[in-house]
Novice: 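The following block contains the structure, expressed as structure tokens.
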Number of protein chains: 2
Amino acid sequence: MVVRNAIGLSDDEVNRIFRALADSTRRDIVRRTLGREASVSELAGAYDMSFAAVQKHVAVLEGAGLVTKHPNGRERIVRGNPDAIGRAQGLLDRYEQIWRSRIDRLDDLLAETDE
Amino acid sequence: MVVRNAIGLSDDEVNRIFRALADSTRRDIVRRTLGREASVSELAGAYDMSFAAVQKHVAVLEGAGLVTKHPNGRERIVRGNPDAIGRAQGLLDRYEQIWRSRIDRLDDLLAETDE
DNA sequence: CTAACGTGCAACCATATGGTTGTACGTAAC
DNA sequence: GTTACGTACAACCATATGGTTGCACGTTAG
């Protein structure tokens, strides 16, 4: 059985999401395609690297669910997926909650000391 | 000159933050040490891998600013750093903003069509 | 003082990652 | 129909990553 967290993502899916975001080129592709969809070759033209390299970056993003690819004639249209961003935010939110609960426990300790 | 984004982090710093979060063991260390600080060997005892491996994971997290390490006798106390989590959230917020601004532009288009 | 503990670090290994070039193939344009 | 375009994919390479073991060294306990 695959372990899933509260957000409904497996550990592996979370790994892929953060891994995909850990590269400047890929973050830029997400930014671009969230604002306005683009074909793979259109994206490739924007970076100083081979078409195949950009193609790989898009594949990594697609594997993480951060973008989707839709065939359109001979082109593949890439669109940023805001849902995946939301899921990543949800993950970070949980860390903040843990931190807050720690603060609460510290407050409890102080309250006890006051008694 | 190092390029910095609106959050005040260089591209490289952002890479390190997401890279550090792209590993289940490291995310677990962050969770643990956000809730309650722990020594490196205490952490090492919690995972089925060598002390050195855990030590490396802590080093990666420290390099990303996600945890801090404080000497205490012969131990090193590891604490999760909630500020770094907040910065990562700030980054994802910007993506959401881009998405929203896209929606706004689409709304504008529709509004024009309605006229 | 000596033994045990906690840590840091180097060397090593297998695999993953990020890039390249080259080839093949469907689609569009002429 | 032929040519050019957009994409996919394989092979290859250098480097990064995630793990190991072994050793050195400061600190604490007996």
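Just so we're on the same page: letters track the sequence lines, and every chain starts at 1.
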Novice: NA contact type, S41(B), heavy-atom cut-off 4.0 Å: base, sugar-phosphate, or nothing?
Specialist: sugar-phosphate
Novice: Could you say whether G73(B) or K56(B) is positioned toward the 5' end of DNA chain D, judged by the nucleotide with the nearest heavy atom to each?
Specialist: K56(B)
Novice: CD1 of I29(A) versus P of dG18(C): gap in Å, rounded?
Specialist: 12 Å
Novice: Separation of Q55(A) atom CD from dA11(D) atom C1', in whole Å?
Specialist: 15 Å
Novice: Give the rounded distance in Å between these two atoms: CG of D23(B) and P of dG19(D).
Specialist: 6 Å
Novice: Have a look at S39(A) and say if it touches a base, only the backbone sugar-phosphate, or nothing, with a 4.0 Å heavy-atom cut-off.
Specialist: sugar-phosphate
Novice: Side chains of S24(B) and D11(A): any donor to acceptor distance under 3.5 Å?
Specialist: yes
Novice: Can you tell me the distance, in whole Å, between the NZ atom of K69(B) and the P atom of dG6(C)?
Specialist: 15 Å
Novice: Within this structure, what is the CG-to-P distance between D48(B) and dG19(D), rounded to whole angstrom?
Specialist: 11 Å
Novice: Taking Q97(B) for the side chain and R94(B) for the main chain, is one N or O donor matched with an acceptor at less than 3.5 Å?
Specialist: no
Novice: Taking CZ from F51(A) and C1' from dC25(C), how many angstroms apart are they, rounded to a whole number?
Specialist: 13 Å
Novice: Taking for each residue the nucleotide of DNA chain C bearing the nearest heavy atom, is the 5' side occupied by V60(A) or by I77(B)?
Specialist: I77(B)
Novice: Are more than 12 heavy atoms, taken from residues, nucleotides or ligands other than R31(B), located less than 6.0 Å from that residue's CZ atom?
Specialist: yes
Novice: Distance check needed: dA8(D) C1' versus R74(A) CZ, whole Å only.
Specialist: 15 Å
Novice: Between atom CZ in R27(A) and atom P in dG18(C), what is the gap in whole Å?
Specialist: 12 Å
Novice: If only atom types and distance count, is the side chain of R32(A) paired as donor or acceptor with the main-chain N or O of A46(A) below 3.5 Å?
Specialist: no
Novice: What about E75(B): does its side chain form a donor-acceptor pair under 3.5 Å with the base of dG6(C)?
Specialist: no
Novice: Take R76(A) and R19(A), find for each the nucleotide of DNA chain C with the closest heavy atom, and name the residue whose nucleotide sits nearer the 5' end.
Specialist: R19(A)
Novice: Which is true for A44(B) with a 4.0 Å heavy-atom rule: it touches a base, it touches only sugar-phosphate, or it touches nothing?
Specialist: nothing
Novice: If we ignore hydrogens and angles and just use 3.5 Å, is the side chain of N72(B) paired with the main-chain N or O of E75(B) as donor and acceptor?
Specialist: no
Novice: Does S50(A) place a side-chain N or O at less than 4.0 Å from the phosphate oxygens OP1/OP2 of dT20(C)?
Specialist: yes
